[in-house]
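Please read these numbers as outputs of a predicted model, since none were measured by experiment. Side-chain atoms are counted along with the backbone in the values below, which use heavy atoms only and exclude waters and symmetry mates. Chain identifiers are assigned alphabetically (A, B, ...) following the order of the sequence lines, protein sequences preceding nucleic acid strands; residue numbering begins at 1 within each chain.
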Number of protein chains: 2
Amino acid sequence: MNMQTRTPPSSPADNGYGFSDRIQRQLEHAAHLCAGQGGRMTPQRRDVLGLILTATTPVGAYDLLEQLKTSGRKPAPPTVYRALDFLLEHGLIHRIERLSAFVPCTHLQQDHPHDHSHGPAENCLHSAQFLICRSCGGVTEIADAPRVLDVLKSICGKKNFTMQSASVEVEGVCEDCAPASRGQKGPAPAPN
Amino acid sequence: MNMQTRTPPSSPADNGYGFSDRIQRQLEHAAHLCAGQGGRMTPQRRDVLGLILTATTPVGAYDLLEQLKTSGRKPAPPTVYRALDFLLEHGLIHRIERLSAFVPCTHLQQDHPHDHSHGPAENCLHSAQFLICRSCGGVTEIADAPRVLDVLKSICGKKNFTMQSASVEVEGVCEDCAPASRGQKGPAPAPN
DNA sequence: AGAATTGATGTAATATTATTACATATCATT
DNA sequence: AATGATATGTAATAATATTACATCAATTCT
């Protein structure tokens, strides 16, 4: 009832999670982005996004819940799900359906200091493509998306189907985990 | 402990669900297919597949469970999930991740009397593409798949990612539900 | 400033989807 | 009939997600 006293999102004061400078920059960027769309980056939402940005693999809602509990607060599921909904709606994170887990949208990851150049929610339809590694659990968002999307658009066009969102999830084994086909590493023995 | 007395899958005796002739033919076809892969189409699996084939929209595991209960048996979740796993592994159904629900694979739907021509599980990697209508809940499997798949394969190739399965789920509004853009029907007023 | 409105959060309970672990039964062969 | 593999029954529980309602904070209007 005292450290809760509203600090603007950009302040370091409400960062009880030791987010790195890099992630704090990404959080500020995100705050600017959703401010531009009339959204408010509250501490809750900021914390959830920060935790997702920090993780190296997709994070589940209840993982987030656990992590949030460590910080004095004792949130319940709706707290997390509401934050996730907000972040999804503003195009700051994606949900990996196969994993029931969440990853940051790439456009937050690739360090630009802070430009307000694109509007992820309004103009572009919600769509994303992922490569999911069964061995390391890592997820890569495919930047090469337009090609996939174009094909899908053309198919939908033919069928008079109005596309509102689309997700592509490819599951397999990533380069790093591939069992030494050309003298690389080899953490995973036999995927399936 | 008595009506359970094993009847071969093709017998009408274990059909307590009034499956139509058409679906019974599809079930036989499916039985042949998975027999060819060394799988056994047991009554449980047959019933689950029949129910999925009968439905016009994706069916959830617990829906299936309810329906199975009506027939004297009182199955528990594992019964259904095991049947679903089997049907998935043999390429007879697909899981729609966004809906946590299941649909038949199209190659069962398009009435061929019974040819044993293709092997859905061994050679082809597990992949499917769907158009999901938010208005009517209908799901269409995209037959046009190769194009999408080719793009994905090429992307994976570039990244040295070994694709094992892939799913594409496009959500939107289908032709029939589109609010009369050219004097069609118009069951759904305003999707989102 | 005070009242009204909207948006965000807290909280408890519950719903939905899925799995684990272990016992039992059935099938295919020897 | 005995065996080993496959399939099913059963109870308990785990993991994910939502509902409903109370409260609190920010914004706007007068």
Q. Quick one: CG on D47(B) to CG on L68(B), what's the gap to the nearest 0.5 Å?
A. 6.5 Å
Q | Distance-only side-chain donor-acceptor flag, S165(A) / R98(B), under 3.5 Å | A | yes
Euclidean distance, atom [atom1] of residue [X] to atom [atom2] of [N] [Å, nearest integer]:
X: Q44(A); N: dT9(C); atom1: CD; atom2: C1'; value: 7 Å
X: Q37(B); N: dT6(D); atom1: CD; atom2: P; value: 16 Å
X: L84(A); N: dA8(C); atom1: CG; atom2: P; value: 15 Å
X: L99(B); N: dT16(D); atom1: CG; atom2: C1'; value: 16 Å
X: L68(A); N: dT11(C); atom1: CG; atom2: P; value: 14 Å
X: F86(B); N: dT8(D); atom1: CZ; atom2: C1'; value: 14 Å
X: L88(B); N: dA18(C); atom1: CG; atom2: C1'; value: 13 Å
X: L65(A); N: dT16(D); atom1: CG; atom2: C1'; value: 11 Å

(Q) Does dT8(D) have OP1 or OP2 under 4.0 Å away from a side-chain N or O of R45(B)? (A) yes
Q. Can a side chain N or O of T79(A) be found less than 4.0 Å away from OP1 or OP2 on dG10(C)?
A. yes
Expected rows: protein N/O vs nucleotides 17-21 of chain D N/O, under 3.5 Å:
unit_1  : atom_1 : unit_2 : atom_2 : d
dA17(D) : OP1    : R95(A) : NH1    : 2.5
dA17(D) : OP1    : R95(A) : NH2    : 2.6
dA17(D) : OP2    : Y81(A) : OH     : 3.0
dA17(D) : O5'    : Y81(A) : OH     : 3.4
dA17(D) : N7     : Y62(A) : OH     : 2.5
dA17(D) : N6     : Y62(A) : OH     : 3.3

Counting distance only, does the side-chain N/O of [X] pair as donor-acceptor with the main-chain N or O of [Y] below 3.5 Å?
X: Q129(A); Y: V148(A); value: no
X: Q26(A); Y: Q109(A); value: yes
X: E175(B); Y: N160(A); value: no

**Q.** Axis bend over the full length of the helix from dA1(C)-dT30(D) to dT30(C)-dA1(D), computed from five pairs that close each end, to 10 degrees
**A.** 30°
Q. With hydrophobic residues grouped by side-chain heavy-atom distances under 4.5 Å, do V151(A) and L131(B) end up in a single group?
A. yes
Q. Between K69(B) and E66(B), does at least one N-O distance fall below 4.0 Å, as a salt bridge requires?
A. yes
Q.
Salt bridge check, E171(A) against R134(A): does any charged N sit closer than 4.0 Å to a carboxylate O?
A. yes
**Q.** Full working for side-chain contact (heavy atoms from CB on, under 4.5 Å) between F19(B) and L27(B)
**A.** CA-CA 10 Å; F19(B) 292 142; L27(B) 289 173; 3.7 Å; yes
Q: For K74(B) and for G39(B), find the nucleotide of DNA chain D with the closest heavy atom, then tell me which residue's nucleotide is more 5'.
A: G39(B)
